[in-house]
Amino acid sequence: MTIFQQRQQALQREMIQRGWSGFLVTNNVDIYYYCGSMQTGYLFIPAEGDALYLVRRSLVRAEEEASAAVEALGSLKTLGERLRARCAGGCGSAASPLRIATELDVLPVQLYLRLQAALPGAAWEDGSLLVREQRMIKSPDEVTAIRAAARVVDAALEAVIPHIREGMAEFELMALIEHQLRLRGHQGLMRMRAYNSELITGMVAAGAAAAVPTYFDGPAGGTGLHPSSPQSSGRALIGRGEPILVDIGCSIDGYLIDQTRTLVIGDLDPELQRAYDVAEQVLRATEARLQPGVIAEHLYLLALDQVQEAGLSAHFMGYGADQVKFLGHGIGLEIDELPVLAKGFKYPLAPGMVIAIEPKFTFPGRGVVGIEDTYLITENGYEKLTISREGILRV
């Protein structure tokens, strides 16, 4: 049995408890997670029985890759009949209408309406949280891919550091980093689940430009190259003595790592150096509590207390109205996975969770300093997956 079939069975056990007839997986990343292929179509996992992958394109690739039966999608007009036939025990009869779950957090309304029309009488359930919670716990193979991504990020950063110079443009530094990442196998995608959120390689910016706020839900913005892409590296020239924030990721075999290091040409301003030191202190205190059973929310609240004691609350994870309200986030096939280290997230840490923790401080007109590492929760504590050297990296 493949890992993908094991995931299907785990989903089936949850569906049976909820009284769902099946789960129609529509999101590319979720389709891959459950069957090992990412061809265009829908994966239907009945509460009992075998999964069916209905593929529009490419049927040939899906047949080679998928841990599921594969058929051509054809017309949506026949979808209802095919799904009813796949359900076990006669579910979907007049006495027992179909209860179909899907990922309503990412499903476009127009497609949802078409699916409703294709399955008249079916009741639709939101299975988004169930999928995201199942994906929180990583398998050994998933962790292996994330470890590989961490090694690539470290090697790329070390290859680029000797080429950083005063007066180079931010986007030039980003290009050097991306080149080194791609040479080492980075797939060039940093997938996100959140609506209207995009990320290519990460956030690389220096000085005042790094502290420019933007739509992206993170502590640092960056000007970007144009209002149509208003984030990360822009045309600003990197100056001596200003913090260079290198918040980058990498995708190996679909799985992501997230890491931040702060660099400087010369020496950093003492106030910014102190803020960076506090960021490391927050990270160390968080590490000391990374163990199964600790509630995700509590780690964020602890960080808030530390930052307040240091007198830096106004600068923590952004500034003013643009502060973000988290300390870290789960990571895997997407960069914004569960659990989130933030208020309201009551998940107890559990072995197999992979979490990026990123204490940062934003100073408008001056820059952003901080650090980010990614951790695997283990039976007895944690394993740090990121391996790059810490401290302010002086160029």
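This chain uses plain numbering: 1 for the first residue, then up along the sequence.
L157 and V368 are not part of a single hydrophobic cluster, where members link through side-chain heavy atoms under 4.5 Å apart. At a threshold of 4.5 Å between side-chain heavy atoms, the hydrophobic network of Ile, Leu, Val, Met, Phe, Trp and Tyr places Y53 and L59 in one connected group. In the hydrophobic clustering of ILVMFWY residues, with side-chain heavy atoms under 4.5 Å counting as a link, L312 and L304 come out together. L333 is connected to L181 through a chain of hydrophobic side-chain contacts under 4.5 Å among Ile, Leu, Val, Met, Phe, Trp and Tyr, so both are in one cluster. Hydrophobic clustering places V143 together with V29 (ILVMFWY residues linked when any side-chain heavy atoms are closer than 4.5 Å, directly or through intermediates).
By the 4.0 Å N-to-carboxylate-O rule, E103 lies too far from R132 to be salt-bridged with it. Between E142 and R7, at least one side-chain N (NZ, or NE/NH1/NH2) sits under 4.0 Å from a carboxylate O, which counts as a salt bridge. R274 and D269 are not joined by a salt bridge, as no carboxylate oxygen comes within less than 4.0 angstrom of a charged side-chain nitrogen. Under the 4.0 Å criterion applied to side-chain N and carboxylate O atoms, D247 and K360 are assigned as salt-bridge partners. The pair R191-E334 fails the salt-bridge criterion, with no side-chain N (NZ, NE, NH1 or NH2) lying under 4.0 Å from an Asp/Glu carboxylate O. Look at E337 and R135 and you find a salt bridge, because one of the NZ, NE, NH1 or NH2 atoms lies within 4.0 Å of a carboxylate O, short of that distance. Between E14 and R18 there is a salt bridge, with a side-chain nitrogen of the basic residue lying less than 4.0 Å from a carboxylate oxygen of the acidic one. Between E48 and R13 there is no salt bridge, since none of the side-chain N atoms of the basic residue sits less than 4.0 Å from a carboxylate O of the acidic one. Ion pair E390/K384 flagged as a salt bridge, since at least one NZ, NE, NH1 or NH2 atom sits closer than 4.0 Å to an Asp/Glu carboxylate oxygen. Looking at E81 and R86, no side-chain N of the basic residue comes within less than 4.0 Å of a carboxylate O on the acidic one, giving no salt bridge.
Of the possible donor and acceptor atoms, none in the side chain of E65 sits under 3.5 Å from a partner among the backbone N and O of A62. Listed for the Q8 side chain is a donor-acceptor partner under 3.5 Å among the backbone atoms of S67. For the pair E280 (side chain) and G391 (backbone), a donor-acceptor distance under 3.5 Å is present. With hydrogens and angles ignored, the 3.5 Å screen pairs no side-chain donor or acceptor of T378 with any backbone N or O of P351. Proximity of a side-chain donor or acceptor of Q39 to a complementary backbone N or O of V55 within less than 3.5 Å is not detected. Side chain of S232 to backbone of G202: a donor-acceptor contact under 3.5 angstrom is found. Of the possible polar contacts, one joining the T262 side chain to the G370 backbone as a donor-acceptor pair under 3.5 Å is found. Under the 3.5 Å distance criterion, the side-chain polar atoms of S229 are left unmatched by any main-chain donor or acceptor of H226. Under a 3.5 Å cut-off, the side chain of Q5 and the backbone N or O of T2 do form a donor-acceptor pair. In this structure, the side chain of S233 engages the main chain of V204 through a donor-acceptor pair within 3.5 Å.
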Working for side-chain contact (heavy atoms from CB on, under 4.5 Å), residues L327 and T286: CA-CA 10 Å; L327 173 66; T286 305; 3.8 Å; yes

Intermediate values then yes/no, salt bridge (Lys or Arg N to Asp or Glu O under 4.0 Å), K346 and E297: CA-CA 6 Å; K346 307 294 186 179; E297 175 188 60; 2.6 Å; yes

Trace of the side-chain contact (heavy atoms from CB on, under 4.5 Å) decision for L43 with L52: CA-CA 6 Å; L43 176 68; L52 175 64; over 6 Å; no

H329 vs D336, side-chain contact (heavy atoms from CB on, under 4.5 Å): CA-CA, chis, key distance, verdict: CA-CA 6 Å; H329 53 89; D336 52 346; 5.7 Å; no

Full working for salt bridge (Lys or Arg N to Asp or Glu O under 4.0 Å) between R147 and E383: CA-CA 11 Å; R147 284 198 191 98; E383 174 191 344; 2.9 Å; yes

CA sep, side-chain torsions, deciding dist, call: D154, R261, salt bridge (Lys or Arg N to Asp or Glu O under 4.0 Å): CA-CA 10 Å; D154 178 57; R261 294 295 183 265; over 6 Å; no

CA sep, side-chain torsions, deciding dist, call: L263, R394, side-chain contact (heavy atoms from CB on, under 4.5 Å): CA-CA 6 Å; L263 290 70; R394 288 174 171 80; over 6 Å; no

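In this structure, CD1 on I335 lies 4.0 Å from CG on D258, to the nearest 0.5 angstrom. Atom-to-atom distance recorded for L79:CG and L24:CG is 6.5 Å, nearest 0.5 angstrom. Atom CE of M203 and atom CD of Q231 lie 7.5 Å apart (nearest 0.5 Å). To the nearest 0.5 Å, atom CG of residue L341 and atom CG of residue L301 are 10.5 Å apart. Here CZ of R184 is found 9.0 Å from NE2 of H179. Values are rounded to the nearest 0.5 Å. Note that CG of L54 is 6.5 Å distant from CG of L83, once rounded to the nearest 0.5 Å.
When all heavy atoms are compared, the tightest approach of M190 to I200 is CG-O, 2.6 Å. Minimum interatomic distance between V369 and A275 (heavy atoms only, all atoms of both residues): CG2-CB, 3.9 Å.
The closest side-chain donor-acceptor pair between Q281 and D277, if any, does not fall under 3.5 angstrom. In this structure, a donor-acceptor pair under 3.5 Å is present between the side chains of Y347 and E133. A donor-acceptor contact closer than 3.5 angstrom is absent between the side chains of S139 and D141. In this structure, a donor-acceptor pair under 3.5 Å is present between the side chains of E178 and T201.
Residue Q308 qualifies as open at atom CD: its count of foreign heavy atoms under 6.0 Å is 12 or below. For D126, the CG atom sits in a packed shell: over 12 heavy atoms of surrounding residues, nucleotides or ligands are nearer than 6.0 Å. Within 6.0 Å of CZ in R56 there are 12 or fewer heavy atoms belonging to other residues, nucleotides or ligands.
Proximity of V212 to T223: side-chain heavy atoms (C-beta onward) are separated by under 4.5 Å at one or more points. Between T102 and N27 the shortest side-chain heavy-atom distance does not fall below 4.5 Å. Using a 4.5 Å heavy-atom threshold, the side chains of E358 and I371 count as separate. Counting heavy atoms from C-beta outward, C250 and L256 have side chains that stay 4.5 Å or more apart. Two residues are said to be in side-chain contact when any heavy atoms from C-beta on lie closer than 4.5 Å; M192 and E198 fail this criterion. The shortest distance between side-chain heavy atoms of Q259 and S388 falls below 4.5 Å. Two residues are said to be in side-chain contact when any heavy atoms from C-beta on lie closer than 4.5 Å; T260 and V246 fail this criterion. Between P292 and L349, every side-chain heavy-atom pair lies at or beyond the 4.5 Å cut-off.
Evaluation of the ring pair (Phe, Tyr, Trp, His ring centres under 6.0 Å) test over residues 7-46, restricted to residues two or more places apart or in two chains, returns F4-Y32. Contacts classified as ring pair (Phe, Tyr, Trp, His ring centres under 6.0 Å) and involving residues 295-320 (residues at least two apart or in different chains) are given here: H315-Y319, H315-F363, F316-F361. For residues 366-395, the ring pair (Phe, Tyr, Trp, His ring centres under 6.0 Å) pairs, not counting sequence neighbours, are Y375-Y382.
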